[in-house]
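First the structure, in the form of structure tokens, and then the observations on it.
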Number of protein chains: 2
Amino acid sequence: MEEKKHLVGGISRKTLERLPVYHHYLERRDSEGLVNISAPVIALDLQLNEVQVRKDIAMVARSAGKPKTGYVVKDLIDDIEEFLGYHNTNQAVLVGAGSLGKALLSYRGFEQYGVEIVMAFDGDAKKAEQKVGEKMILPMEKLENLCRRMNIHIGIITVPADSAQEVCDRLVDGGVRAIWNFAPIHLNVPDHVLVQNENMAVSLAALSKYLYETDKDAARGNGV
Amino acid sequence: MEEKKHLVGGISRKTLERLPVYHHYLERRDSEGLVNISAPVIALDLQLNEVQVRKDIAMVARSAGKPKTGYVVKDLIDDIEEFLGYHNTNQAVLVGAGSLGKALLSYRGFEQYGVEIVMAFDGDAKKAEQKVGEKMILPMEKLENLCRRMNIHIGIITVPADSAQEVCDRLVDGGVRAIWNFAPIHLNVPDHVLVQNENMAVSLAALSKYLYETDKDAARGNGV
DNA sequence: TAGATTGTTAATCGATTAACAATC
DNA sequence: TAGATTGTTAATCGATTAACAATC
């Protein structure tokens, strides 16, 4: 019953993380006119292990690579796109039209990955009824109802941590099955709902920590 | 020589990811007036293993927990903040004042984690010399020079993937030692530089994939 | 005291890397 | 053919979980 921890659809989380990186890399190599590519070359350029590259590719490729020549770049791109579902667009709603929320609303980049934000919700009456780009900001009251009626399955949470769990519950009530959470908080959800944490605090923590440690080492080294 | 892969300052990456989650959780419990807390309770609420919680705490806590009573909530909060360096602020620059970049510029939340964005750079002359909130957007020419002069060690990359590597190189030239990369691309950096990828494409891929798989399963189940 | 909880050592699990036969 | 590269099986490594003695 605790399946979804490491695997999403039979593929390890780590592999899933690398696929978009391969994808972008291959697109670039393709635009340079490269036709074939081998695992060792990919591994070298992306600083990965070549066996790992081969195994990742084996998870998604529909045709095998050829010894000596490697893989067909264009095929690999297609296979990754197909596997990640870049072509079947999912509609999403965003809750919390603060600065981060508005940025995501106006960000074009997501459609490339098959996700389209169609509208936003915000508890603040002043924000509601405004528009960001083409997208309406609606009052929270309409959330569950609209999600259900429009058959929306992805919710993006950009509210402060305090209200994130409540928003999460309401999204789930509205039929949302996948949640992209920008609040630095653990969300409790039913088993059938996937939570994807975009935890910026984590990244910042890692950065600060690294600088702190290296500064400390440097100070020690210098005898300062 | 390949140390920094899993560990940042002696602590495993996974533990580092959980620390901000504990931190926020403990702040909430503290605000509820809770004085002591035990690992099993934390584990239950955050859906983690209790031994894992205890080990994570052991990495950062300066005083041991007491059998039967557990840990002092306030001490734990202090210890995590101290460990993650929330108190020693690092200045950062941001490169790429598109919609995402502007959002991060105007986002208040980072200062809480010890990172302050002091200015931004953009190649577009029209954007340069504008301001977002209190923060100047400056032309790219000044990047290396200003980073050096202001002794800035964190660079945030929000340019399109095509120019990310070039921007990265220039940040490193400017003396930046930690890079927060929002472009969906692998960055090559010298050994002493830490790259933290905030790979939104990964999250979206996981979400899409999950929905696709569960829809597929449902369709199979229904015989549709 | 009895029992909940700690910290730690040992067992398990998953992901990465190495070794190698197959093949174009 | 010779050798680069594939796919796969086995070994290693790290992180998670289980087991347990110590203790308040």
Side-chain angles (χ1 to χ4, degrees), chain A residues 1-19 21-22 26 29 34-73 75-76 79 83 186 202 206, chain B residues 1-19 21-22 26 29 34-73 75-76 79 83 186 202 206:
Chain A
M1 280 294 112
E2 262 287 357
E3 219 67 330
K4 69 185 180 189
K5 245 161 63 177
H6 296 291
L7 298 179
V8 178
I11 196 169
S12 95
R13 186 51 194 267
K14 291 304 187 72
T15 297
L16 198 58
E17 287 183 14
R18 286 187 293 265
L19 288 176
V21 178
Y22 295 137
L26 292 167
R29 300 311 304 265
L34 192 72
V35 176
N36 291 293
I37 197 161
S38 73
V41 169
I42 298 174
L44 186 72
D45 287 344
L46 300 182
Q47 295 174 5
L48 296 170
N49 178 287
E50 68 168 85
V51 179
Q52 188 167 65
V53 172
R54 241 178 259 127
K55 286 198 169 174
D56 287 342
I57 289 174
M59 295 297 294
V60 303
R62 280 166 296 187
S63 54
K66 281 209 196 84
K68 186 94 176 162
T69 49
Y71 308 88
V72 179
V73 176
D75 287 358
L76 234 36
D79 289 345
F83 187 88
H186 171 85
V202 168
Chain B
M1 281 295 110
E2 262 286 354
E3 221 65 331
K4 67 187 179 187
K5 244 163 60 180
H6 296 291
L7 299 178
V8 178
I11 197 170
S12 94
R13 185 52 192 266
K14 290 304 186 72
T15 297
L16 198 57
E17 286 182 14
R18 287 186 293 264
L19 289 176
V21 177
Y22 295 137
L26 292 168
R29 301 309 306 263
L34 192 72
V35 176
N36 292 293
I37 196 161
S38 73
V41 169
I42 298 174
L44 187 72
D45 287 344
L46 300 181
Q47 295 175 4
L48 297 169
N49 179 287
E50 69 169 83
V51 181
Q52 188 167 66
V53 172
R54 239 177 260 126
K55 287 197 170 175
D56 287 343
I57 289 175
M59 294 298 293
V60 302
R62 281 165 296 186
S63 53
K66 281 209 195 86
K68 188 93 176 159
T69 48
Y71 308 88
V72 179
V73 176
D75 288 357
L76 235 37
D79 289 345
F83 187 88
H186 170 85
V202 167

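A, B, ... follow the sequence lines: proteins, then strands. Residue 1 opens every chain.
The distance between atom CD of B:Glu17 and atom C1' of D:dT16, rounded to the nearest whole Å, is 14 Å. Rounded to whole Å, atom P of D:dT16 lies 14 Å from atom CZ of A:Arg13. Across the protein-nucleic acid pair, A:Met59 atom CE and D:dG7 atom C1' stand 14 Å apart, rounded to whole Å. Separating the CG atom of B:Leu48 from the C1' atom of D:dA18 is a distance of 16 Å, rounded to the nearest angstrom. Atoms CG (B:Asn36) and C1' (C:dT6) sit 13 Å apart, rounded to a whole Å. Counting to the nearest Å, the C1' atom of D:dA19 and the CG atom of B:Asn49 are 12 Å from each other. To the nearest angstrom, P of D:dC20 lies 15 Å from CZ of B:Arg54. Going from atom NZ of A:Lys55 over to atom P of D:dT6 covers 14 Å, rounded to whole Å.
Set against D:dA19, D:dC24, C:dT16, the side chain of A:Arg18 has C:dT16 as its closest nucleotide. Distance from the side chain of B:Glu50 is smallest to C:dT6 among C:dT17, D:dT6, C:dT6. In this structure, of D:dA18, D:dT5, C:dA4, it is D:dA18 that holds the atom nearest to the side chain of B:Val51. For A:Lys14, whose side chain is taken as the heavy atoms from C-beta onward, the closest listed nucleotide among C:dT8, C:dT16, C:dG7 is C:dT16.
For the atom pair CZ (B:Arg18) and CE (B:Met59), the distance works out to 10.5 Å, reported to the nearest 0.5 Å. Note that the CD1 atom of B:Ile37 and the CG atom of B:Leu26 stand 6.0 Å from one another [nearest 0.5 Å]. To the nearest 0.5 angstrom, A:Ile57 atom CD1 is 9.5 Å from A:Leu19 atom CG. To the nearest 0.5 Å, the span separating CD1 on A:Ile11 from CZ on A:Phe83 amounts to 3.5 Å.
When Watson-Crick and G-U wobble pairs are counted only if both distances are under 3.5 Å, C:dT23 pairs with D:dA4. Of all nucleotides present, only C:dA18 satisfies the Watson-Crick or G-U wobble test against D:dT9, with each distance under 3.5 Å.
As judged by a 4.0 angstrom heavy-atom cut-off over every strand, A:Lys68 is placed among the base-contacting residues.
Taking 4.0 angstrom as the limit, A:Tyr71 places a side-chain polar atom (N or O) nearer than this to OP1 or OP2 of D:dG7.
Side-chain N/O atoms of B:Tyr22 and B:Asp56 include a donor and acceptor closer than 3.5 Å.
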